Trainee: 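Pasting in a structure now, in structure tokens, and then I'll have a few things to ask.
By convention in this document, chain letters (A, B, ...) are assigned in the order of the sequence lines, proteins followed by strands, and residues within each chain are numbered from 1. From a predicted model like this one, the values you see are computed outputs, not experimental measurements.
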Amino acid sequence: MDLSLTTRAIGEHTVLEVGGEVDVYTAPRLRERLVELIDGGSRAIVVDLGRVDFLDSTGLGVLVGALKRLRPVGGTFGLVCDKEPLLKIFRITALDQVFPIYPTLDAATSAESSGADA
Amino acid sequence: MTGSSVVPAPAYPHGGLGRHAKLPPRERLRVLLIEDDDADAFLVGELLAETGDGIDLLVANSLNAARSQVSGVDCVLLDLGLPDAQGLDGLRQVLGMSSGAAVCVLTGRSDEHLGIGAVAEGAQDYLVKGQVDGVLLARALRYAVERKRADENTRRLREVELRQAESARLERGLLPQPLIDTDLVQVHPFYRPGRHEALIGGDFYDVVQTSPDRIDLIVGDVCGHGVDEAALGVELRVAWRALVLAGVPDEQVLPALEQVLMSERSAREIFATVAAVRLDLAGNRATVRLAGHPPPLLLAGGRVVPVPAPHGLLLGVRPRPPVAHELRFDTEDWSLLMYTDGLIEGRIGDGDERLDVSGLSRLVADPDTRRVGLPELPGWLVERAEEYNGGPLADDVAMLLVSRGEGR
């Protein structure tokens with residue numbers, strides 16, 4: 001399955017909707033898009049994983065990379081995810097303690113700070 | 001290497017007859033002539049036109065003008081006496097700008113030695129002005145293109161061979177011989193490359209015994225696929241082995257490994273997951289530490305359960321030593337199965353569901369699995385996972401099975 005990437009603005013937030021599979025083949029495209037957004041000045045990024053069917057360690061690396069790029073420029077980075085298989089991956093890697101993870105897009109975009117404090 | 005000038009010039013200046021049989025019609029060639037002398041350029045055009053050999057000629061009257069025309073050209077025919085680049089210097093510039101195209105050089109009668117030098121520099125052939133007719137010229141150009149393609153194929157083949165050799169070397173570095181000398185436990189390592197064989201993964205394992213009663217085991221995975229990640233996997237494994245052999249206190253090994261990772265990685269988004277186990281054979285117990293890694297499975301007393309060690313953060317994100325989990329074996333017959341996530345990321349069924357830790361536990365506990373001998377068990381599990389997945393697993397799989405007594 002392929003990767004789909006859609007960007008839109010909700011208030012202050014730049015929301016990147018990701019769909020499909022994020023794996024060794026597709027993760028580079030996700031990385032490029034996130035780098036584009038950050039280089040383009042986006043400072044409050046929410047990645048909506050609602051339509052992601054699979055996320056492997058390369059994909060996790062891309063998300064961690066984005067968080068680390070945003071941190072020095074004072075940005076925030078949050079994830080939207082309510083799928084148990086994906087949440088399990090975040091638990092196993094303990095990245096649920098690093099990323100703010102919200103069950104809904106509303107929750108993510110209305111959060112005061114998606115604290116990129118990693 | 002051949003120089004076409006060694007063939008005696010034919011007696012008829014507008015050849016194409018006689019002993020030069022006309023070449024069969026083949027693909028059209030795009031040839032870029034770089035020639036500042038209009039008369040010479042005209043002559044080359046005439047020679048090629050009369051052969052009717054399907055050669056489209058573009059002309060640039062300087063090296064600078066050639067730059068914008070070189071893309072998509074099959075062969076460059078270069079006069080070595082250009083005003084903006086003399087001799088072999090011009091050739092080097094042309095070789096630099098036309099990576100895919102063959103290059104033939106044109107020399108004057110008096111500087112034929114330049115032609116030989118040009119071939120040594122990387123040109124496919126050289127032709128001496130005034131000593132070629134149309135057919136010979138067309139043929140030389142076609143030969144040059146074919147030779148360039150053959151060279152290119154050889155080079156690609158060689159690259160693939162080198163890459164495979166490199167992968168093999170890296171694999172040896174990632175998957176060492178266990179360093180143990182004991183009859184108290186058996187260790188069965190296993191490795192299977194993923195579907196994308198060209199992309200070696202960063203999975204690694206190692207086993208080191210530091211005293212008759214103490215054995216350390218690690219299974220890890222550097223995220224991402226490629227030579228850099230695999231090389232980092234080798235570094236981490238060797239660093240881990242050195243730390244363990246040096247007698248670094250157990251709780252300091254993974255923090256030190258994390259430091260190695262963070263100082264050696266090529267990008268900040270590279271991290272690693274590891275599961276580390278220290279066996280105390282005299283006490284029949286183990287210390288398990290997880291850093292972002294799925295938990296080992298414990299096989300004992302007819303049951304299969306994931307070791308309930310706390311999920312530690314993967315290495316390289318935010319340094320924090322993983323919490324140790326003390327595991328006491330209730331029996332003398334047990335196994336620990338350590339594995340990388342490639343094993344549990346395969347699909348089960350048609351949906352998006354994956355095997356996962358729970359599915360793997362069920363599979364290992366299955367009565368069919370219990371009939372499989374311990375040495376064959378890792379391979380058997382991968383085969384089942386591939387069966388569920390409906391084809392080869394995408395990712396690499398590394399496993400360590402360490403067993404005591406009957407092993408379950």
Trainee: Within a radius of less than 6.0 Å around CD of A:Glu12, do more than 12 heavy atoms belonging to other residues, nucleotides or ligands occur?
Mentor: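 Atom CD in A:Glu12 is not crowded, with 12 or fewer foreign heavy atoms closer than 6.0 Å.
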Trainee: About how many Å separate CD of B:Glu345 and CZ of A:Phe54, when rounded to the nearest 0.5 Å?
Mentor: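 A:Phe54 CZ to B:Glu345 CD: 4.0 Å, rounded to 0.5 Å.
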Trainee: Please name the pair of heavy atoms, one in A:Ser57 and one in B:Cys223, separated by the smallest distance, quoted to 0.1 Å.
Mentor: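 Residues A:Ser57 and B:Cys223, closest heavy atoms: O-CB, 3.6 Å.
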Trainee: Got a sec: does the CZ of B:Arg303 have more than 12 other heavy atoms crowding it under 6.0 Å?
Mentor: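 Open: at most 12 neighbouring heavy atoms sit under 6.0 Å from CZ of B:Arg303.
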Trainee: Go through the atoms of A:Asp56 and report whether side chain, backbone, both or neither lie under 4.5 Å from a heavy atom of chain B.
Mentor: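 Both backbone and side chain of A:Asp56 come within 4.5 Å of chain B.
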Trainee: Provide the closest heavy-atom pair for B:Leu313 versus A:Ala94 in the form atom of the first, atom of the second, distance.
Mentor: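 Minimum heavy-atom separation between B:Leu313 and A:Ala94: CD1-O, 3.2 Å.
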Trainee: How many angstroms lie between OG1 in A:Thr58 and CD in B:Glu229, if you round to the nearest 0.5 Å?
Mentor: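 The OG1 atom of A:Thr58 sits 8.0 Å away from the CD atom of B:Glu229.
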Trainee: Please rank A:Val62, A:Thr93, A:Leu63 by heavy-atom pairs under 4.5 Å with chain B and give me the top one.
Mentor: A:Thr93
Trainee: Above 12 or not: heavy atoms from other molecules or residues under 6.0 Å from CZ of B:Arg354?
Mentor: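 Counting other residues, nucleotides and ligands, CZ of B:Arg354 exceeds 12 neighbours.
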Trainee: Going by an N to O cut-off under 4.0 Å, is there a salt bridge joining A:Lys88 and B:Glu353?
Mentor: no
Trainee: Which heavy atom of B:His311 sits nearest a heavy atom of A:Gln97, and at what distance?
Mentor: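 Heavy-atom minimum between the residues: O-NE2, 4.3 Å.
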Trainee: If I measure from the heavy atoms of chain A, does B:Val357 come under 4.5 Å with its side chain, its backbone, both, or neither?
Mentor: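 Answer is side chain: those atoms of B:Val357 sit under 4.5 Å from chain A.
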Trainee: What part of B:Ile270 gets closer than 4.5 Å to chain A, counting heavy atoms only: side chain, backbone, both or neither?
Mentor: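 When you check distances to chain A, no heavy atom of B:Ile270 falls under 4.5 Å.
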Trainee: Calculate, to the nearest 0.5 Å, the distance between atoms CG and CZ belonging to A:Leu60 and B:Phe271 respectively.
Mentor: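 Rounded to the nearest 0.5 Å, the CG-CZ separation comes to 5.0 Å.
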Trainee: Working to the nearest 0.5 Å, report the span between CG of B:Leu314 and CD1 of A:Ile92.
Mentor: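 The CD1 atom of A:Ile92 is 11.5 Å from CG of B:Leu314, to the nearest 0.5 Å.
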Trainee: Which heavy-atom pair separates B:Gly316 from A:Lys68 by the least distance, and what is that distance?
Mentor: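 Minimum heavy-atom contact is O-NZ, 2.8 Å.
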